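First comes the structure, then the notes that go with it.
As the structure is a prediction and not an experimental result, all values here were calculated from the model. We name chains A, B, ... by the order of the sequence lines, and we start the count at 1 in each one.
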Amino acid sequence: MSESITVTRLGDGMQGFGIPSSRFKTTRIHISLFLPLQKATAAQNALLPFLLTRACRRYPDYSALNRRLAELYGATLYADVDKMGDRQVLSLLIAGLNDSFASDGTQILTECAALLRDLLFDPPVENGLFCEKDLESEKERMVQRIEGELNEKRVYAINRLTEEMCADEPFGLPRYGTVEEVRALTAQDMAGAWKRVLREAFVNISVTGQKDTSGIFRPFSEAFAQIQRAPAKMPALLGGKAPKEPRMVEETMGVTQGKLVLGFRTGAMGNDRAVIAVRMMADMLGGGPYSLCFENVREKRSLCYYCAAHFNRHKGLLLIDSGIEEENRQKAYDAILEQAESMRKGAFSEELLHYSKLSMMDAAKGVYDSPSALDQWFTDRIFNETVTPEEYGRLIASVTKDQVVTAANALQLDTVYFLGKNKE
Amino acid sequence: MQNQIIENKAIGEKYVKARHESGLDIYICEKRDYASSYALFGTRYGSIDVCFKTGEDADFVHVPAGIAHFLEHKLFESEDGDAFTRYAKTGAYANAYTSFDRTCYLFSCSDQFEENLGILMDFVQSPYFTKETVEKEQGIIGQEIRMYDDSPTWRVLFNLLGCLYHEHSVKVDIAGTVESIAKIDKDLLYRCYHTFYNPANMFLCVAGNVEAARVLELCDKWLKPVKPVEISRTFPKEPRGVAQSRCEQKLAVAMPLFTIGYKEACESAYPSVKRRVVTELALEALFGNFSPFYKEMFDAGLINDQFGSEYFFGNGYAACIFEGESRDPDRVYEAMNRELERARKNGIDEGLLEAARRKLYGRQIMKFNTVESTAGLLVNAAFLREDPFAGLEAYRHVTAADVMDHLRSALRPEDSALSMVLPNG
């Protein structure tokens, strides 16, 4: 089923990932820059992909750049920053139609690669500094992005729980830095960050949708070859430790629905082999509609519309979140813990295990059908054993009830977060 | 069953379009090199359809808001267990959604497509409601409504619809209100079900690793024979002009969110393909992220990359809607009206129009990348009994003169409104 994946060493701490596929209309080029997540650099690193995808010397403002992307038949350009455990990942990504769709013979793919290279290596700097106006505008947008996280209360509650739960670990740092940190960034800081990131980041370039990747990797490897590379050492995965008694954090806001989030430590991280039983346990607990939380917290007790478990394999955290009436807070909390207890005792049907396996295997097979899912699958495993979706399917099939129960017994409730209504 | 194969050589895609004897519209796009498939079984029944009658009814009936969505939840339950449990045995991902004018039940899977299609067709054709199960659902949907009450993006849109429309039911929340769903009982559910869940009012769309001929065969086997129902829908007469020109609500947000809407007169139930394409191109060329308007607003810090537009339309309503975040939405609104005025006077830049054309054309082709978005294209086409490639062709032929002509009657400031969600802190 899979056409073979290729990994090419492109330089010091730098690799190219070729994910060929003839299914798609597009080719996707994704540059990931991995760095240790540290308080001192988190905000400046986070701003960088947004600042860089705003302009380059050839297309010196946002408008000219967007015009170019439109003319390249609606090529999409995307910047992002995320946490991968205690590491920070900066992403720059371009996706364009394959050349055969260009009615005027435009070489879309070559142009997209060149554009992405220019954005990363040739920003419109003057005397080595980013233009003050662009920088201020990007800082302002970043502040809006940070403050805007308040808008979606479900996401906000999960972020707040993570910050509280991992307050003493890099993973507890907010994804974009804080408003104060962003406001304090100077043109010198950002020029320094740009050079440092190009020098120190572990670089992965994934190309999804093309067999022949050499021409796409070349402009990047040549540009990186001009830099004195000194890739930083990546921090090891650390799962953290739960306190003796779970921490309770409560906040209020002008909302109508309460948000409850329970944060557990699982102790399992990294390779698929190490986390597969936990992942399945999370799915059985709060994944599909067959899960214990859906069946008992939502369907049997009508307490909520959603009650879901999320497992983070890079940090070993398992979160369960739900939106509820404030007066049902204790009921919902008890009901969720009851489901976790059922998992611990093995008080679940063989069917549930079977359903979870079927659902996870079915989803894994579908990974090859979407450029973004395919790209994400392999990027997510950069520092782990490269397990293909087929191999993953076999891993799923091998999980036993005992392994799931063992994984559930390793769960330690660390922090409980509740977002409630403002009191009158 | 009548069926035809429609091919678009330029993008290398084709689909099968069929009409079953029961009246069901079936659209299938084979992607035999994919692992997965995606199927939707839908009805032309959404939140706006609250006043209707069948050929057998003497009078129109007016029902409480939120039934289409309530039915969506309830159909998953049958007398002998619920559909989710049946899907659990195949490993498929299953879901459903209700919008203004349609309700769709869907699954995606990599294995056991036929079993999954069987489950889908069976449960959607097997209603089972009791007093107890209806009451249980009121609690769950109540929490869903609460969740949306706290969603600023949702509120800012519905507040805008409340401004734009005097009478049309499009202004009412899709799930209804906690009060309106309290009035729903099993008899109302059955009545609405038997009206709208008739194959003649429905469509089935499938994309992915399937064989079209086999899907049609299975439809023959699994579609239960029912008498066709003739549905008449009625909407109160919607006056020209807006009900209100602005609306403000305070919620827990950091920066104001806004929507700006330009209501259009509706001469027919739905705008034509050409009108839709002209509108999309006009929005992209005038207000897209490479337009002079965007640059001016962006440089002034009045919009950010959340800014966007859509052509919003359905049975008896059509509007251009813009959304975004701004510290000063009023200034964005004023600038937008100025820009429209300028375009009416000075015309539209050919280069910008060409960039818009290429962008929208390319983005449309990209939708064939996944089975999910391909199936989504099929649903939009099947809903209106159109051709999913029609838009692609239309992009090529729109001229600046078409856009100018459109601007004479659409996007008028006198038919517009501004809705804002402001920080409550």
Margin query: One pair to check against side chain to side chain contact (heavy atoms under 4.5 Å, CB included): Leu97(A) and Met366(B). What are the steps and the verdict?
Written below: CA-CA 7 Å; Leu97(A) 277 185; Met366(B) 289 178 192; 3.8 Å; yes
Check: Step by step, would you call Arg23(A) with Asp369(A) a salt bridge (charged side-chain N to carboxylate O under 4.0 Å, His left out)?
Finding: CA-CA 8 Å; Arg23(A) 287 173 205 184; Asp369(A) 290 348; 2.5 Å; yes
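Interface check for chain A: of the options Lys295(B), Glu137(B), Gln306(B), the most heavy-atom pairs under 4.5 Å are formed by Lys295(B). In terms of non-hydrogen atom pairs under 4.5 Å with chain B, the most contact-rich of Gln257(A), Lys133(A), His354(A) is Gln257(A). Annotation: maximal heavy-atom pairing with chain B below 4.5 Å, among Arg298(A), Glu147(A), Met361(A), occurs at Arg298(A). For chain B, the option among Ser103(A), Gly366(A), Cys304(A), Ser137(A) with the highest count of heavy-atom pairs below 4.5 Å is Cys304(A). Listed options Val367(A), Asn66(A), Leu358(A), Thr26(A) were ranked by heavy-atom pairs under 4.5 angstrom with chain B; first place goes to Asn66(A). Comparing Asp299(B), Ile141(B), Thr370(B), Asp82(B) by heavy-atom pairs within less than 4.5 Å of chain A, the highest count is held by Thr370(B). Of the listed residues Leu150(A), Ile146(A), Asp134(A), the one with more heavy-atom pairs under 4.5 angstrom with chain B than any other is Leu150(A). Between chain A and the options Leu251(B), Ile11(B), Val371(B), Leu257(B), heavy-atom pairs under 4.5 Å are most frequent for Ile11(B). Each of Lys300(A), Arg301(A), Lys357(A), Lys25(A) has some count of heavy-atom pairs under 4.5 Å with chain B, and the biggest count is that of Lys25(A).
With a 6.0 Å radius and a threshold of 12 heavy atoms from other residues, nucleotides or ligands, Lys136(B) has its NZ atom above the threshold. Remark: Gln376(A) CD is loosely packed, at most 12 non-hydrogen atoms of other residues, nucleotides or ligands lying under 6.0 Å away. For Gln107(A), the CD atom is loosely surrounded, since the number of other residues' heavy atoms within 6.0 Å does not exceed 12.
Of the atoms belonging to Phe24(A), heavy atoms from both backbone and side chain fall under 4.5 Å from chain B. For Asp61(A), the part lying near chain B is the side chain, with the backbone staying farther off; criterion is any non-hydrogen pair under 4.5 Å. In this structure, chain A has a heavy atom under 4.5 Å from the side chain of Asn424(B), while its backbone stays farther away. Only the side chain of Tyr306(A) comes within contact range of chain B, judged by heavy atoms closer than 4.5 Å. With a threshold of 4.5 angstrom between heavy atoms, Asp104(A) approaches chain B through side-chain atoms but not through N, CA, C or O. With a 4.5 angstrom heavy-atom cutoff, Ile324(A) touches chain B only via backbone atoms. Neither the backbone nor the side chain of Glu140(A) comes within contact range of chain B; no heavy atoms are under 4.5 Å apart. In this structure, the portions of Leu352(B) lying under 4.5 Å from any heavy atom of chain A include both its backbone and its side chain. Using a 4.5 Å cut-off between heavy atoms, Ala88(B) contacts chain A through both its backbone and its side chain. Of the atoms belonging to Arg67(A), heavy atoms from both backbone and side chain fall under 4.5 Å from chain B. Thr90(B) touches chain A through its backbone: at least one of N, CA, C or O sits under 4.5 Å from a heavy atom, while the side chain does not. If you measure heavy-atom distances from Ser370(A) to chain B, the contacts under 4.5 Å come from both the backbone and the side chain. With a 4.5 Å cut-off on non-hydrogen atoms, Met255(B) touches chain A through its side chain but not through its backbone. For chain A, the nearby part of Glu77(B) is the side chain; its heavy atoms alone come within less than 4.5 Å. With a 4.5 Å cut-off on non-hydrogen atoms, Tyr93(B) does not touch chain A at all. With a 4.5 Å cut-off on non-hydrogen atoms, Glu299(A) touches chain B through its backbone and its side chain both. Only the side chain of Thr106(A) comes within contact range of chain B, with heavy atoms under 4.5 Å apart. The contact between Arg145(A) and chain B is made entirely by side chain atoms (from C-beta outward), counting heavy-atom distances below 4.5 Å. Within the 4.5 angstrom heavy-atom criterion, atoms from both the backbone and the side chain of Glu144(B) approach chain A. Only the backbone of Ser291(B) comes within contact range of chain A, with heavy atoms under 4.5 Å apart. No part of Leu65(A) comes within reach of chain B, as not one of its non-hydrogen atoms sits under 4.5 angstrom from that chain.
Within the cation-pi definition used here (under 6.0 Å to the ring centroid, within 45° of the axis), Arg86(B) does not qualify as a partner of Phe123(B). A cation-pi contact links Lys31(B) to Tyr34(B), judged by a cut-off of 6.0 Å to the six-membered ring centre and 45° from its axis. For the pair Arg141(A) and Phe50(A), the cation-pi test (distance below 6.0 Å, angle within 45°) is failed.
In this pair, Phe107(B) and Phe113(B) present their aromatic rings tilted. The plane angle is within the 30 to 60° band. Ring geometry for Trp154(B) versus Tyr148(B): interplanar angle of 30 to 60°, hence tilted.
Glu323(B) and Thr259(B) share no donor-acceptor pair across their side chains, judged by distance under 3.5 Å alone. Under 3.5 Å, the side chains of Glu325(B) and Gln144(A) contain no donor-acceptor pair of N or O atoms. Checking Arg396(B) against Tyr361(B) by side-chain atom types alone, a donor-acceptor pair falls below 3.5 Å.
Between atom OH of residue Tyr294(B) and atom CG of residue Asp305(B) there is a gap of 5.5 Å, rounded to the nearest 0.5 Å. Here NZ of Lys259(A) is found 8.0 Å from CG of Asp321(A). Values are rounded to the nearest 0.5 Å. Distance check, rounded to the nearest 0.5 Å: OG1 of Thr130(B) to NZ of Lys74(B) gives 7.5 Å. Rounded to the nearest 0.5 angstrom, Thr256(A) OG1 and Met147(B) CE are separated by 11.0 Å. Annotation: the span from Arg358(B) atom CZ to Ile108(A) atom CD1 amounts to 8.5 Å, rounded to 0.5 Å. Here the CG atom belonging to Asp173(B) is positioned 11.0 Å from the CD1 atom belonging to Ile181(B), to the nearest 0.5 angstrom.
Proximity to chain B among residues 69-77 of chain A is limited to Ala70(A), Glu71(A), Tyr73(A), Gly74(A), Ala75(A), Thr76(A), judged by heavy-atom separations below 4.5 angstrom.
At a threshold of 4.5 Å between non-hydrogen side-chain atoms, the residues Tyr305(A) and Arg146(B) do not count as touching.
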